[in-house]
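All heavy atoms count here, side chains included; hydrogens, waters and symmetry mates do not. Below, read A as the first sequence line, B as the second, and so on, with proteins coming before strands; counting in each chain starts at 1. Small disclaimer: the values here were computed from a predicted structure and weren't measured.
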Amino acid sequence: MNLGHASAACLIQPVMPELPEVETVANGVNARVRGQRIERVTLGSKPEPLKSPAALIEETLTGAKIERVHRVGKTIVMDLRRSDGTHAQATVHLGMTGRLLVSQPDVPVPPHTHAILHLGDGREVRFVDPRRFGRIGVVAEDTKYEGPGAEPLTISEANFAALFRGRKTPIKAALLNQALLHGVGNIYADESLFRAGIRPKRHAGRLTRAELLKLHGSLQTVLKQAIHLGGSSVSDYVDADGVRGFFQLEHRVYSRTGQPCRECGEPIQRIVVGGRSTHFCKKCQK
DNA sequence: AGGTTGACCTGGACGC
DNA sequence: TGCGTCCAGGTCAACC
(Lines give C-alpha, C1' and ligand atoms only; values in the text may rest on other atoms or scores of the structure.)
Protein backbone atom coordinates (compact mmCIF):
# COMPACT_ATOMS: atom_id res chain seq x y z
CA MET A 1 0.00 0.00 0.00
CA ASN A 2 1.56 3.24 -1.15
CA LEU A 3 0.97 6.06 1.28
CA GLY A 4 3.40 8.46 -0.26
CA HIS A 5 1.16 9.46 -3.09
CA ALA A 6 -2.28 9.67 -1.60
CA SER A 7 -4.24 11.19 -4.42
CA ALA A 8 -7.19 13.52 -4.29
CA ALA A 9 -9.32 10.61 -5.40
CA CYS A 10 -8.21 8.68 -2.37
CA LEU A 11 -9.13 11.60 -0.21
CA ILE A 12 -12.66 11.63 -1.46
CA GLN A 13 -13.27 7.95 -1.08
CA PRO A 14 -16.62 7.55 0.63
CA VAL A 15 -16.31 6.56 4.25
CA MET A 16 -19.61 7.36 5.90
CA PRO A 17 -18.61 8.68 9.27
CA GLU A 18 -20.74 7.21 11.99
CA LEU A 19 -20.06 7.16 15.68
CA PRO A 20 -16.88 5.04 15.63
CA GLU A 21 -15.34 6.97 12.74
CA VAL A 22 -16.21 10.30 14.33
CA GLU A 23 -14.72 9.17 17.62
CA THR A 24 -11.56 8.10 15.81
CA VAL A 25 -11.30 11.44 14.06
CA ALA A 26 -12.00 13.41 17.24
CA ASN A 27 -9.36 11.48 19.19
CA GLY A 28 -6.81 11.86 16.43
CA VAL A 29 -7.38 15.59 16.08
CA ASN A 30 -7.37 16.00 19.85
CA ALA A 31 -3.96 14.36 20.13
CA ARG A 32 -2.57 16.67 17.48
CA VAL A 33 -4.03 20.08 18.23
CA ARG A 34 -4.88 20.09 21.92
CA GLY A 35 -3.41 23.19 23.54
CA GLN A 36 -2.92 25.00 20.26
CA ARG A 37 -4.17 28.53 19.67
CA ILE A 38 -6.25 29.36 16.61
CA GLU A 39 -4.54 32.39 15.11
CA ARG A 40 -7.13 32.97 12.44
CA VAL A 41 -9.87 31.30 10.47
CA THR A 42 -10.36 31.09 6.74
CA LEU A 43 -13.81 30.26 5.47
CA GLY A 44 -14.52 29.51 1.81
CA SER A 45 -16.15 32.10 -0.35
CA LYS A 46 -19.14 30.26 -1.72
CA PRO A 47 -22.23 29.46 0.33
CA GLU A 48 -20.42 27.23 2.75
CA PRO A 49 -21.93 24.48 4.89
CA LEU A 50 -22.15 26.53 8.05
CA LYS A 51 -24.46 25.96 10.94
CA SER A 52 -23.72 29.37 12.40
CA PRO A 53 -23.19 32.74 10.72
CA ALA A 54 -19.70 33.05 9.27
CA ALA A 55 -18.95 36.18 11.24
CA LEU A 56 -19.86 34.48 14.50
CA ILE A 57 -17.66 31.50 13.71
CA GLU A 58 -14.72 33.74 12.91
CA GLU A 59 -15.25 35.86 15.98
CA THR A 60 -15.60 32.88 18.30
CA LEU A 61 -12.62 30.92 17.01
CA THR A 62 -10.07 33.61 16.35
CA GLY A 63 -7.54 33.75 19.17
CA ALA A 64 -9.15 30.87 21.07
CA LYS A 65 -7.15 28.06 22.60
CA ILE A 66 -8.24 24.49 21.85
CA GLU A 67 -8.57 22.77 25.19
CA ARG A 68 -9.97 19.47 24.00
CA VAL A 69 -11.52 17.78 20.98
CA HIS A 70 -14.08 15.08 21.57
CA ARG A 71 -17.20 13.46 20.18
CA VAL A 72 -20.87 13.95 20.96
CA GLY A 73 -23.07 11.69 18.85
CA LYS A 74 -21.81 12.14 15.31
CA THR A 75 -20.55 15.64 16.02
CA ILE A 76 -16.93 16.58 16.71
CA VAL A 77 -16.80 19.17 19.47
CA MET A 78 -13.87 21.49 20.16
CA ASP A 79 -13.78 22.94 23.66
CA LEU A 80 -12.35 26.43 23.40
CA ARG A 81 -11.04 28.99 25.83
CA ARG A 82 -11.20 32.43 24.39
CA SER A 83 -8.72 35.21 25.00
CA ASP A 84 -11.15 36.98 27.32
CA GLY A 85 -11.29 33.87 29.48
CA THR A 86 -14.77 32.73 28.45
CA HIS A 87 -15.48 29.26 27.14
CA ALA A 88 -17.04 28.33 23.83
CA GLN A 89 -17.35 25.32 21.58
CA ALA A 90 -16.97 24.67 17.89
CA THR A 91 -18.95 21.83 16.33
CA VAL A 92 -18.03 19.92 13.21
CA HIS A 93 -20.39 17.44 11.63
CA LEU A 94 -18.76 15.39 8.90
CA GLY A 95 -21.99 14.60 7.12
CA MET A 96 -21.27 11.82 4.72
CA THR A 97 -18.00 12.74 3.08
CA GLY A 98 -16.51 15.24 5.52
CA ARG A 99 -12.88 15.16 6.67
CA LEU A 100 -11.02 17.02 9.34
CA LEU A 101 -7.37 17.08 8.40
CA VAL A 102 -4.41 18.39 10.35
CA SER A 103 -1.88 19.49 7.76
CA GLN A 104 1.38 21.31 7.38
CA PRO A 105 0.74 24.59 5.55
CA ASP A 106 2.84 23.62 2.55
CA VAL A 107 0.60 20.68 1.73
CA PRO A 108 -1.75 21.65 -1.10
CA VAL A 109 -5.24 22.46 0.09
CA PRO A 110 -7.56 19.77 -1.25
CA PRO A 111 -10.61 20.61 -3.35
CA HIS A 112 -13.82 21.22 -1.43
CA THR A 113 -12.07 22.70 1.59
CA HIS A 114 -14.64 24.88 3.33
CA ALA A 115 -12.79 26.04 6.43
CA ILE A 116 -9.22 26.29 7.66
CA LEU A 117 -8.15 26.93 11.25
CA HIS A 118 -4.63 28.35 11.26
CA LEU A 119 -2.85 27.16 14.38
CA GLY A 120 -0.17 28.92 16.38
CA ASP A 121 2.54 26.48 15.29
CA GLY A 122 1.74 26.96 11.62
CA ARG A 123 -0.26 23.82 11.05
CA GLU A 124 -3.79 23.95 9.72
CA VAL A 125 -6.98 22.15 10.61
CA ARG A 126 -8.88 21.75 7.36
CA PHE A 127 -12.52 20.92 6.97
CA VAL A 128 -13.00 19.20 3.63
CA ASP A 129 -16.35 17.95 2.39
CA PRO A 130 -17.07 17.29 -1.30
CA ARG A 131 -20.72 16.49 -0.87
CA ARG A 132 -21.38 19.35 1.48
CA PHE A 133 -23.56 17.44 3.91
CA GLY A 134 -21.27 18.35 6.77
CA ARG A 135 -21.69 21.41 8.95
CA ILE A 136 -19.42 23.58 11.00
CA GLY A 137 -20.73 25.84 13.71
CA VAL A 138 -20.22 27.32 17.15
CA VAL A 139 -22.13 26.96 20.37
CA ALA A 140 -23.13 30.00 22.33
CA GLU A 141 -20.84 31.02 25.12
CA ASP A 142 -20.89 28.81 28.21
CA THR A 143 -23.48 26.39 26.92
CA LYS A 144 -22.39 22.87 26.23
CA TYR A 145 -23.32 20.99 23.12
CA GLU A 146 -25.09 17.82 24.14
CA GLY A 147 -26.62 16.60 20.92
CA PRO A 148 -30.18 15.63 20.22
CA GLY A 149 -30.51 12.16 21.70
CA ALA A 150 -29.03 9.63 24.08
CA GLU A 151 -25.47 8.37 23.83
CA PRO A 152 -25.60 4.79 22.55
CA LEU A 153 -22.35 3.71 24.18
CA THR A 154 -23.37 4.57 27.72
CA ILE A 155 -27.15 4.36 27.80
CA SER A 156 -28.46 1.83 30.31
CA GLU A 157 -30.49 -1.20 29.28
CA ALA A 158 -33.61 0.20 30.93
CA ASN A 159 -33.33 3.61 29.28
CA PHE A 160 -32.57 1.96 25.96
CA ALA A 161 -35.68 -0.18 26.14
CA ALA A 162 -37.77 2.83 27.13
CA LEU A 163 -36.78 4.69 23.96
CA PHE A 164 -38.82 2.37 21.79
CA ARG A 165 -41.87 1.87 23.96
CA GLY A 166 -45.07 2.50 22.03
CA ARG A 167 -43.30 3.33 18.80
CA LYS A 168 -44.87 2.07 15.62
CA THR A 169 -41.95 2.91 13.39
CA PRO A 170 -39.68 0.09 12.18
CA ILE A 171 -36.84 -0.60 14.59
CA LYS A 172 -34.34 0.27 11.87
CA ALA A 173 -35.87 3.74 11.47
CA ALA A 174 -35.93 4.18 15.24
CA LEU A 175 -32.23 3.34 15.50
CA LEU A 176 -31.49 5.98 12.87
CA ASN A 177 -33.61 8.60 14.65
CA GLN A 178 -31.01 10.91 16.15
CA ALA A 179 -33.54 12.37 18.56
CA LEU A 180 -33.65 8.97 20.27
CA LEU A 181 -30.05 7.80 19.93
CA HIS A 182 -27.41 9.96 18.36
CA GLY A 183 -24.48 8.50 16.50
CA VAL A 184 -26.02 5.41 14.91
CA GLY A 185 -26.04 5.46 11.13
CA ASN A 186 -27.03 3.08 8.41
CA ILE A 187 -24.12 0.66 8.70
CA TYR A 188 -24.26 0.07 12.43
CA ALA A 189 -28.04 -0.03 12.47
CA ASP A 190 -27.98 -2.93 10.02
CA GLU A 191 -25.05 -4.65 11.71
CA SER A 192 -26.47 -4.44 15.22
CA LEU A 193 -29.86 -5.72 14.09
CA PHE A 194 -28.21 -8.67 12.41
CA ARG A 195 -26.23 -9.51 15.51
CA ALA A 196 -29.38 -9.24 17.61
CA GLY A 197 -31.32 -11.48 15.20
CA ILE A 198 -34.02 -8.86 14.64
CA ARG A 199 -35.58 -7.98 11.29
CA PRO A 200 -35.27 -4.29 10.43
CA LYS A 201 -38.97 -3.82 9.69
CA ARG A 202 -40.21 -5.05 13.07
CA HIS A 203 -42.17 -2.36 14.89
CA ALA A 204 -39.96 -0.89 17.56
CA GLY A 205 -42.72 -0.98 20.15
CA ARG A 206 -43.42 -4.65 19.54
CA LEU A 207 -39.97 -5.96 20.36
CA THR A 208 -39.80 -8.11 23.44
CA ARG A 209 -37.78 -7.06 26.43
CA ALA A 210 -35.30 -9.83 25.68
CA GLU A 211 -34.88 -8.64 22.11
CA LEU A 212 -34.30 -5.06 23.23
CA LEU A 213 -31.67 -6.16 25.70
CA LYS A 214 -29.97 -8.18 23.02
CA LEU A 215 -30.05 -5.21 20.67
CA HIS A 216 -28.64 -2.96 23.38
CA GLY A 217 -25.77 -5.37 23.79
CA SER A 218 -25.10 -5.93 20.11
CA LEU A 219 -25.17 -2.21 19.32
CA GLN A 220 -22.67 -1.40 22.03
CA THR A 221 -20.48 -4.34 21.09
CA VAL A 222 -20.31 -3.47 17.42
CA LEU A 223 -19.66 0.21 18.10
CA LYS A 224 -16.92 -0.53 20.61
CA GLN A 225 -15.31 -3.04 18.31
CA ALA A 226 -15.30 -0.51 15.49
CA ILE A 227 -13.81 2.18 17.73
CA HIS A 228 -11.17 -0.19 18.97
CA LEU A 229 -10.08 -1.21 15.49
CA GLY A 230 -10.51 2.28 14.05
CA GLY A 231 -8.17 3.70 16.62
CA SER A 232 -5.28 1.86 15.09
CA SER A 233 -5.54 3.72 11.81
CA VAL A 234 -5.60 7.19 13.34
CA SER A 235 -2.12 8.01 12.18
CA ASP A 236 -3.05 7.36 8.60
CA TYR A 237 -5.97 9.59 8.00
CA VAL A 238 -4.91 12.93 9.41
CA ASP A 239 -1.40 12.97 8.11
CA ALA A 240 -0.65 15.76 5.71
CA ASP A 241 -2.05 14.68 2.39
CA GLY A 242 -2.80 11.19 3.46
CA VAL A 243 -6.24 9.85 3.90
CA ARG A 244 -6.37 6.16 4.01
CA GLY A 245 -9.50 4.31 4.82
CA PHE A 246 -10.72 3.96 8.31
CA PHE A 247 -10.97 0.60 9.79
CA GLN A 248 -13.32 -1.39 7.65
CA LEU A 249 -15.75 -3.22 9.80
CA GLU A 250 -16.10 -6.78 8.71
CA HIS A 251 -19.68 -6.28 7.65
CA ARG A 252 -22.02 -9.20 8.09
CA VAL A 253 -24.88 -7.72 6.10
CA TYR A 254 -24.24 -4.09 5.16
CA SER A 255 -23.57 -3.73 1.43
CA ARG A 256 -23.53 -7.50 1.00
CA THR A 257 -26.72 -7.82 -1.04
CA GLY A 258 -26.99 -11.25 -2.64
CA GLN A 259 -23.86 -12.56 -0.98
CA PRO A 260 -24.16 -15.54 1.35
CA CYS A 261 -24.82 -14.83 5.01
CA ARG A 262 -21.66 -15.50 7.01
CA GLU A 263 -23.70 -17.48 9.53
CA CYS A 264 -26.06 -19.57 7.44
CA GLY A 265 -25.23 -19.04 3.76
CA GLU A 266 -28.62 -17.57 2.88
CA PRO A 267 -28.34 -14.67 0.38
CA ILE A 268 -28.43 -11.29 2.11
CA GLN A 269 -31.56 -9.30 1.28
CA ARG A 270 -31.73 -5.62 0.44
CA ILE A 271 -34.88 -3.63 1.14
CA VAL A 272 -35.66 0.02 1.78
CA VAL A 273 -36.72 1.07 5.25
CA GLY A 274 -37.29 4.68 6.13
CA GLY A 275 -35.90 5.66 2.77
CA ARG A 276 -32.57 3.98 3.49
CA SER A 277 -31.09 0.86 2.00
CA THR A 278 -31.32 -1.91 4.53
CA HIS A 279 -29.61 -5.28 4.57
CA PHE A 280 -30.56 -8.39 6.50
CA CYS A 281 -30.61 -12.18 6.53
CA LYS A 282 -34.12 -13.56 6.48
CA LYS A 283 -33.00 -16.79 8.10
CA CYS A 284 -30.94 -15.38 10.95
CA GLN A 285 -33.22 -12.42 11.71
CA LYS A 286 -36.78 -12.91 12.93
C1' DA B 1 -47.22 14.86 17.52
C1' DG B 2 -45.44 10.79 15.67
C1' DG B 3 -44.33 9.02 11.30
C1' DT B 4 -42.92 9.30 6.49
C1' DT B 5 -41.04 11.20 2.40
C1' DG B 6 -38.10 13.87 -0.44
C1' DA B 7 -34.50 17.52 -1.20
C1' DC B 8 -29.99 18.62 -0.65
C1' DC B 9 -25.12 17.54 -2.94
C1' DT B 10 -21.41 15.37 -5.77
C1' DG B 11 -18.43 11.55 -7.16
C1' DG B 12 -18.37 7.12 -8.76
C1' DA B 13 -20.35 3.06 -10.92
C1' DC B 14 -22.72 1.34 -14.58
C1' DG B 15 -25.10 0.86 -19.14
C1' DC B 16 -25.36 1.72 -23.86
C1' DT C 1 -14.87 7.37 -25.53
C1' DG C 2 -18.46 9.67 -23.70
C1' DC C 3 -22.66 10.67 -22.18
C1' DG C 4 -26.69 9.88 -19.26
C1' DT C 5 -28.67 7.81 -15.28
C1' DC C 6 -28.71 6.13 -10.85
C1' DC C 7 -27.06 5.48 -6.21
C1' DA C 8 -24.89 6.55 -1.72
C1' DG C 9 -26.87 8.78 3.01
C1' DG C 10 -27.20 12.48 7.50
C1' DT C 11 -30.21 15.86 8.33
C1' DC C 12 -33.85 18.93 7.83
C1' DA C 13 -38.18 20.59 6.16
C1' DA C 14 -42.55 19.58 4.65
C1' DC C 15 -46.29 16.83 4.66
C1' DC C 16 -49.71 13.19 6.25
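- A close approach under 4.0 Å does occur between a side-chain nitrogen or oxygen of Q178(A) and OP1 or OP2 of dT11(C).
- Put simply, NZ on K74(A) is 11 Å from P on dG9(C), counting in whole angstrom units.
- In this structure dA1(B) sits in no base pair that meets the Watson-Crick or G-U test at under 3.5 Å.
- Rounded to whole Å, atom P of dC9(B) lies 8 Å from atom CZ of R132(A).
- Between dG11(B) and H112(A), a contact under 4.0 Å exists linking OP1 or OP2 to a side-chain N or O.
- A continuous path of ILVMFWY side-chain contacts below 4.5 Å connects Y254(A) to L215(A), so both sit in one hydrophobic cluster.
- Atom CD of E21(A) is separated from atom P of dG10(C) by 11 Å (rounded to the nearest Å).
- Taking only side-chain nitrogens and oxygens, K51(A) never comes nearer than 4.0 Å to OP1 or OP2 of dT11(C).
- The residue P170(A) sits close only to the backbone: its heavy atoms come under 4.0 Å of sugar-phosphate atoms, none of a base.
- Note: CG (D129(A)) to P (dG11(B)) measures 11 Å, nearest angstrom.
- An OP1 or OP2 oxygen of dG9(C) is reached within less than 4.0 angstrom by a side-chain nitrogen or oxygen of S277(A).
- Nearest nucleotide to the F133(A) side chain, out of dT11(C), dC9(B), dG3(B): dC9(B).
- Under the 3.5 Å distance criterion, with hydrogens and angles disregarded, a donor-acceptor pair is assigned to the side chains of D79(A) and H70(A).
- Residue side chain R167(A) does not reach the base of dG3(B) through any donor-acceptor N/O pair under 3.5 Å, judged by distance alone.
- If you take CZ of R135(A) and C1' of dC8(B), they are 9 Å apart, rounded to a whole angstrom.
- No donor-acceptor distance shorter than 3.5 angstrom exists from the side chain of R252(A) to the backbone of E191(A), with no hydrogens or angles considered.
- Distance CG (L180(A)) to C1' (dT11(C)): 15 Å, rounded to an integer number of Å.
- Heavy-atom minimum distance, D129(A) versus G98(A): OD1-N, 3.4 Å.
- Here dT4(B) is the nucleotide among dC9(B), dT4(B), dA8(C) with the atom lying nearest to any side-chain atom of T169(A).
- Under the 4.5 Å side-chain heavy-atom criterion for Ile, Leu, Val, Met, Phe, Trp and Tyr, L19(A) and V77(A) are members of distinct hydrophobic clusters.
- Scanning atom types as modelled, one donor and one acceptor separated by under 3.5 angstrom connect the side chain of R276(A) and the base of dT11(C).
- Atoms CZ (R131(A)) and C1' (dG12(B)) sit 8 Å apart, rounded to a whole Å.
- Here dC12(C) presents its C1' atom at 12 Å from NE2 of H93(A), a figure rounded to the nearest Å.
- Within the structure, every side-chain polar atom (N or O) of R270(A) is placed at least 4.0 Å from both OP1 and OP2 of dC7(C).
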